[in-house]
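Down below is the structure, laid out as structure tokens.
In what follows, chains are A, B, ... by sequence order, proteins preceding strands, each numbered from 1.
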There are 2 protein chains.
Amino acid sequence: MLPAPFDILPETAYRVLNLDAGETLFRQGDPTRGIFYLITGRVRLVRFARSGETVVIHRAGPLETFAEASLFVDVYHCDAILEQAAQLVELRREPLLRQFYSDPLFAMALTSRFATQVQTYRRRLELLAVRSAQERVFAALSEGFLTGDIKTFATEIGLSHEATYRALSHLVRRGRLVKTGRGKYRVKTT
Amino acid sequence: MLPAPFDILPETAYRVLNLDAGETLFRQGDPTRGIFYLITGRVRLVRFARSGETVVIHRAGPLETFAEASLFVDVYHCDAILEQAAQLVELRREPLLRQFYSDPLFAMALTSRFATQVQTYRRRLELLAVRSAQERVFAALSEGFLTGDIKTFATEIGLSHEATYRALSHLVRRGRLVKTGRGKYRVKTT
DNA sequence: TTCACCTTATGATCGAAATCATATCTGATG
DNA sequence: CATCAGATATGATTTCGATCATAAGGTGAA
């Protein structure tokens with residue numbers, strides 16, 4: 001149920017929560033209870049800037065963890081609000097930290113997970129720096145970003161789904177991609 | 001010279017390198033030597049996809065670390081090529097891992113650093129999801145992204161510098177920002 | 001089997017941002 | 001102090017992708 005390295009934690013280290021859309025998971029200033037793993041649903045993390053404006057700093061989706069940095073601070077620095085009803089796992093802070101201290105392999109695995117995430121985000125950012133829709137779609141495909149449906153893919157690479165469909169068919173016409181089915185594309189191996 | 005938590009490492013744990021533009025720091029498949037901290041210059045990380053295409057997966061700039069995930073694997077998964085001449089620090093893998101195992105506080109600090117980076121990248125990605133140039137510039141400014149010069153700021157938030165200048169002056173005219181000097185802007189606190 | 005809904009897909013239009021151009025200001029360098 | 005390079009700033013033009021619209025294909029439920 002939980003992704004590595006959280007799967008080795010004892011059952012007392014976490015609990016499953018079910019929340020409705022609109023509910024608040026935690027607020028800026030609340031003492032940190034732990035980090036979270038989203039099974040289904042969507043959570044929005046919002047920070048209130050000094051100017052009084054609210055800024056969305058992250059939108060977490062299914063199978064993602066969030067609020068990782070809260071492990072190392074005393075209070076949350078943003079609000080977590082349920083955008084959709086969600087089932088999620090609260091990974092409690094104390095057991096996590098205890099495990100981290102006592103089990104170097106767990107510590108390594110956790111750090112490795114974070115390092116991998118950093119890498120993934122950097123790839124996405126680099127992808128978003130590609131101006132042309134066609135080139136971006138092609139690069140994203142080469143990097144294996146198209147796992148689920150095209151609309152999700154489009155959102156991930158910062159394009160409208162229409163622009164993405166168009167770029168895909170254009171790339172197929174130009175012979176750079178192969179269409180292997182409805183909504184299925186592959187980079188042409190020359 | 002080194003950012004936390006690397007500043008506590010003994011001198012034997014790292015060495016300073018000076019490389020020219022065009023030189024290769026490491027190649028895909030090379031045994032991992034360690035992670036790197038860039039003092040000056042620019043390094044491009046490139047991966048060769050199965051299709052034969054080369055994809056830029058990251059461009060590291062001054063005061064950034066890169067290849068962090070290599071700590072936990074045996075070989076590098078991309079090439080690192082000097083885009084500009086650079087002075088950088090090689091943080092050697094073995095001493096790092098030894099420190100990580102033997103010093104839980106170091107381990108914590110390293111993990112915390114990675115978690116913070118994850119957070120920062122997520123913020124940037126969320127920012128890039130804002131379609132309107134004006135809103136994006138405003139949000140980025142509220143979040144304190146404007147630290148150096150405007151052109152760097154523009155690149156970071158995925159806009160041309162012209163569009164950024166225009167958005168800035170427009171936001172000033174509309175009274176949402178205050179111009180505090182040439183290239184200096186602040187969110188208006190109402 | 002029919003209906004409803006969502007994804008895939010493509011056409012048409014419009015607008016916003018990229019691009020190209022130009023000018024001013026600033027700081028660094030000799 | 002003069003010069004030059006680069007950052008700031010804004011104007012003009014163009015282009016590309018967002019948006020709106022529509023249709024076909026697929027899936028699941030009644």
Subject >> Under 4.0 angstrom between A:Tyr185 side-chain N/O and C:dA9 OP1 or OP2 >> reply: yes
Original post:
So, is A:Tyr165 close to the C:dT10 phosphate, meaning a side-chain N or O under 4.0 Å from OP1 or OP2?
Top reply: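 So the side-chain polar atoms of A:Tyr165 never come under 4.0 Å of the phosphate oxygens OP1 or OP2 of C:dT10.
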Subject >> Nearest-nucleotide 5' precedence on DNA chain C, A:Ala163 against A:Arg182 >> reply: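 Mapping each residue to its closest nucleotide by heavy atoms, the 5'-most match is A:Arg182.
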Original post:
Once you round to the nearest 0.5 Å, how far does OH of B:Tyr121 lie from CZ of A:Arg124?
Top reply: 13.5 Å
Subject >> Spacing of B:Leu88 atom CG and B:Ile39 atom CD1 [to the nearest 0.5 Å] >> reply: 7.5 Å
**OP:** Describe the nucleic acid contact of A:Lys179 in one word from base, sugar-phosphate, nothing, applying a heavy-atom distance below 4.0 Å.
**Re:** sugar-phosphate
**OP:** Give, ordered by number, those residues of residues 122-154 of chain A having at least one heavy-atom distance below 4.0 Å to an atom of DNA chain C; if nothing qualifies, reply none.
**Re:** A:Arg131, A:Asp149, A:Ile150, A:Lys151
Subject >> Nearest atoms (heavy-atom pairs only) where B:Gln28 meets B:Val46 >> reply: OE1-O, 4.5 Å
Original post:
What's the shortest heavy-atom distance between B:Ala69 and A:Ala115, and which atoms?
Top reply: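 For B:Ala69 and A:Ala115, the tightest heavy-atom pair comes out as CA-CB, 3.9 Å.
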Does any non-hydrogen side-chain atom of [Y] lie less than 4.5 Å from one of [X]?
X: B:Val137; Y: B:His170; value: no
X: B:Leu71; Y: B:Leu110; value: yes
X: A:Leu9; Y: A:Leu2; value: no

How close or far is atom [atom2] of [N] from atom [atom1] of [X], stated in whole angstroms?
X: A:Lys184; N: D:dG25; atom1: NZ; atom2: P; result: 18 Å
X: A:Leu177; N: C:dA9; atom1: CG; atom2: P; result: 12 Å
X: A:His161; N: D:dC20; atom1: NE2; atom2: C1'; result: 11 Å
X: B:Glu162; N: D:dT15; atom1: CD; atom2: C1'; result: 15 Å

Original post:
Do B:Glu64 and B:Arg59 sit within salt-bridge range, that is, some charged N less than 4.0 Å from a carboxylate O?
Top reply: no
Subject >> Presence of salt bridge, A:Glu68 and B:Arg122, under 4.0 angstrom >> reply: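 A salt bridge is present here (some side-chain N lies under 4.0 Å from a carboxylate O).
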Subject >> Validation row, ring centre A:Phe36 to ring centre A:Phe26 under 6.0 Å >> reply: yes
Subject >> Axis-to-axis angle between the two ends of the helix from C:dT1-D:dA30 to C:dG30-D:dC1 (five base pairs per end, rounded to 10 degrees) >> reply: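 Roughly 50°, once rounded to the nearest ten degrees.
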**OP:** Taking only heavy atoms on the protein side, list every residue of residues 166-174 of chain B lying under 4.0 Å from any atom of DNA chain D, sorted numerically.
**Re:**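 Contacting residues: B:Arg166, B:Ser169.
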Subject >> A:Arg174 and A:Gln134 side chains, donor-acceptor separation under 3.5 Å >> reply: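 Short answer, yes.
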